[in-house]
Participant: 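Handing you a structure now.
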Amino acid sequence: MNRRQFSQLIAAAGVAQALPRIQAQPPASSHGFRFSVQLWTIEKQAPFDRCLEIVAAAGYEGVELIGEFHKWSADETRRVMAKMSSLHLHFDMLSGVKAGFADPNGTNDFLAELKTQFGFAKALQSPQINLKSGPRIEGLSPAAQHAASVENLKRAADLAAANNIQIVLEPIDPIENPTMYMSSVSQGFAIVRDVASPHVKVLYDFYHEQRAAGNLIEKLEQNFDLVGLVHIADVPNRNQPGTGEIDYNNIYKKLAQLKYDKFIAMEFFPAGDPLTILKAARLQALHEQALARD
């Protein structure tokens, strides 16, 4: 998709702004692609409930949270779930576990926090949660942290299986967090292969991976069976696709060729009206998916 085509999508999406109030819209059939929004990227622009309305009006079905729910009362949780149901939305992934899995001395804290997170996931009907490695540990070799990661995640996988919840591991690039142990999907894939559980996959965040190492499509192809979720944002400013250096048209085409059928989660700061930009981003992905099938 070139800039002119993308601009046409933006203009078409902008028609929705003329409505007097946002109405929930059932997402268009994506024939494989499913779409969600990491809500923290728009929460500074609108109250929580309004954000949900924007996501629904843009044609998405999923919402991801980073820990907002930790402060909710039981009544607030019920209210939010009712709101989600009225908008035909559901939570597809929860973040918010602070304990890392790469510390051989942190197993008890990690597993305790993980059990609590599974409770939140059940209450919010989320099928998966996000985990990060935690920091590199001074005096401990990368091999030792890899071994600790595998051992801790094998125990986590048993808990995930018992709770019927998926775990996705998210590497964080060293520009954003120079202390993080797991900083590339290459590390994540190596860990997941050694854990060898269907309940532990990798969250392939193209924004983080481009900043960490690049070579996005080859790693996606070679490790596709281990990908549980993808996150979308452009580099360098974490805005929508088309504003930076990542060729998302080719990434969407490759995801379609690989028959990716999990969520495509938008985790970018919209450079413009959130409803217009989110809708256009979804339509762009569907457009490239259709081209890949022609």
Participant: Just by distance, no angles: are the side chains of Glu68 and Trp40 close enough, under 3.5 Å, to form a donor-acceptor pair?
Facilitator: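 Side chains of Glu68 and Trp40: no pair found under 3.5 Å.
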
Participant: Do the side chain of Gln117 and the main chain of Ser95 share a donor and acceptor less than 3.5 angstrom apart?
Facilitator: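 Side chain of Gln117 to backbone of Ser95, a donor-acceptor pair under 3.5 Å: yes, one is there.
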
Participant: Which residue pairs pass the ring-ring contact (aromatic ring centres under 6.0 Å, His included) test when at least one of the two sits in residues 205-228, sequence neighbours left out?
Facilitator: Tyr204-Phe206

Participant: Answer yes or no: is there a donor N or O on one side and an acceptor on the other, between the side chain of Arg136 and the main chain of Pro178, under 3.5 Å?
Facilitator: yes

Participant: List, by chain and number, the other hydrophobic cluster members for Met180, where Ile, Leu, Val, Met, Phe, Trp and Tyr join if side-chain heavy atoms come within less than 4.5 Å, directly or indirectly.
Facilitator: Ile172

Participant: Tell me the closest heavy-atom pair linking Glu267 and Arg238, and the distance in Å.
Facilitator: O-NH1, 3.2 Å

Participant: Can you find a side-chain donor-acceptor pair between Asp173 and Gln210 that sits under 3.5 Å?
Facilitator: no

Participant: Would you call Lys154-Glu151 a salt bridge at under 4.0 Å N-O?
Facilitator: no

Participant: Applying the 4.5 Å side-chain criterion to the ILVMFWY set and letting contacts propagate, would Ile137 and Leu153 be lumped into a single cluster?
Facilitator: no

Participant: Would a distance-only check, ignoring hydrogens and angles, find a side-chain to backbone donor-acceptor pair under 3.5 Å from Lys132 to Tyr181?
Facilitator: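 Side chain of Lys132 to backbone of Tyr181, a donor-acceptor pair under 3.5 Å: no, none is there.
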
Participant: Would a 4.5 Å heavy-atom cut-off, applied to side chains only, mark Phe263 and Leu229 as touching?
Facilitator: yes

Participant: Would you say Tyr60's side chain and Met266's backbone share a donor-acceptor pair under 3.5 angstrom?
Facilitator: no

Participant: Looking at Asp49 and Arg79, is there a salt bridge between them, counting it only when a charged N and a carboxylate O are closer than 4.0 Å?
Facilitator: yes

Participant: Go through it in stages, so that I can follow the logic: the residues are Glu43 and Phe48, the test is side chain to side chain contact (heavy atoms under 4.5 Å, CB included), and I'd like the CA-CA distance, side-chain angles, deciding distance and then a yes or no.
Facilitator: CA-CA 6 Å; Glu43 282 184 307; Phe48 183 85; 3.3 Å; yes

Participant: Excluding sequence neighbours, so at least two apart, what forms side chain to side chain donor-acceptor pair (under 3.5 Å) with Arg155?
Facilitator: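 In terms of side chain to side chain donor-acceptor pair (under 3.5 Å), with neighbours along the sequence ignored, Arg155 is linked to no residue.
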
Participant: Donor-acceptor check, side chain of Glu209 to backbone of Val185, threshold 3.5 angstrom: yes or no?
Facilitator: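 Side chain of Glu209 to backbone of Val185, a donor-acceptor pair under 3.5 Å: yes, one is there.
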
Participant: For residues 141-150, which residue pairs qualify under side-chain hydrogen bond (donor to acceptor under 3.5 Å, both in side chains), counting only residues two or more places apart or in two chains?
Facilitator: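 Checked against side-chain hydrogen bond (donor to acceptor under 3.5 Å, both in side chains) - neighbours excluded - the pairs reaching residues 141-150 are His146-Asp194.
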
Participant: Linking I/L/V/M/F/W/Y whenever their side-chain heavy atoms sit closer than 4.5 Å, directly or via other members, would Leu39 and Phe269 fall into one cluster?
Facilitator: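 Not linked; separate clusters.
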
Participant: With rounding to the nearest 0.5 angstrom, report the CD1 to OH distance, Ile232 to Tyr248.
Facilitator: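 Answer rounded to 0.5 Å: 4.5 Å.
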
Participant: What closest approach, in Å, do Ala212 and Ser183 show between heavy atoms, and which atom pair accounts for it?
Facilitator: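 For Ala212 and Ser183, the tightest heavy-atom pair comes out as CB-O, 3.3 Å.
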
Participant: Tell me, do Leu131 and Leu114 make a side-chain contact under 4.5 Å, heavy atoms counted?
Facilitator: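 SC-SC contact between Leu131 and Leu114 confirmed.
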
Participant: Output the distance between atom CG (Leu52) and atom CD1 (Ile42), rounded to the nearest 0.5 Å.
Facilitator: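 Answer rounded to 0.5 Å: 8.0 Å.
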
Participant: Using atom types as modelled, flag every donor-acceptor pair under 3.5 Å from a side chain in residues 96-112 to any protein atom, sequence neighbours excluded.
Facilitator:
{"unit_1": "Asp103", "atom_1": "OD1", "unit_2": "Asn105", "atom_2": "N", "d": "2.9"}
{"unit_1": "Thr107", "atom_1": "OG1", "unit_2": "Asn152", "atom_2": "OD1", "d": "2.6"}

Participant: Test Tyr252 against Ile264 for side chain to side chain contact (heavy atoms under 4.5 Å, CB included), laying out the working first.
Facilitator: CA-CA 9 Å; Tyr252 291 141; Ile264 292 176; 4.3 Å; yes

Participant: Does Phe268 offer a backbone N or O that forms a donor-acceptor pair with the side chain of Asn239 under 3.5 Å?
Facilitator: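 Absent.
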
Participant: If you take all heavy atoms of Asp234 and Gly242, which pair is closest and at what distance?
Facilitator: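 The pair with the smallest heavy-atom distance is OD2-N, 3.1 Å.
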
Participant: What closest approach, in Å, do Gly188 and Met182 show between heavy atoms, and which atom pair accounts for it?
Facilitator: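 Smallest interatomic distance, heavy atoms only, reads CA-SD, 3.6 Å.
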
Participant: Can you hop from Trp72 to Phe118 via hydrophobic side chains spaced under 4.5 Å?
Facilitator: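 Same cluster: Trp72 reaches Phe118 through Ile, Leu, Val, Met, Phe, Trp or Tyr contacts under 4.5 Å.
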
Participant: Run the numbers on Asn130 and Glu64 for side chain to side chain contact (heavy atoms under 4.5 Å, CB included), then give the verdict.
Facilitator: CA-CA 10 Å; Asn130 171 320; Glu64 299 182 356; over 6 Å; no

Participant: Are the side chain of Arg282 and the backbone N or O of Ala58 linked by a donor-acceptor pair below 3.5 Å?
Facilitator: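 Looks like yes, one N/O pair under 3.5 Å.
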
Participant: If I take atom CD1 from residue Ile251 and atom CG from residue Leu220, how far apart are they, to the nearest 0.5 angstrom?
Facilitator: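 Answer rounded to 0.5 Å: 8.0 Å.
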
Participant: Under the side chain to side chain donor-acceptor pair (under 3.5 Å) rule, collect the residues that match up with Asp261, sequence neighbours excluded.
Facilitator: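 Side chain to side chain donor-acceptor pair (under 3.5 Å) check on Asp261 returns nothing, list empty.
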
Participant: Could you pull out the closest heavy-atom pair between Lys201 and Asp225, with the gap in Å?
Facilitator: NZ-O, 2.9 Å

Participant: Tell me the closest heavy-atom pair linking Ala157 and His199, and the distance in Å.
Facilitator: O-CB, 4.3 Å

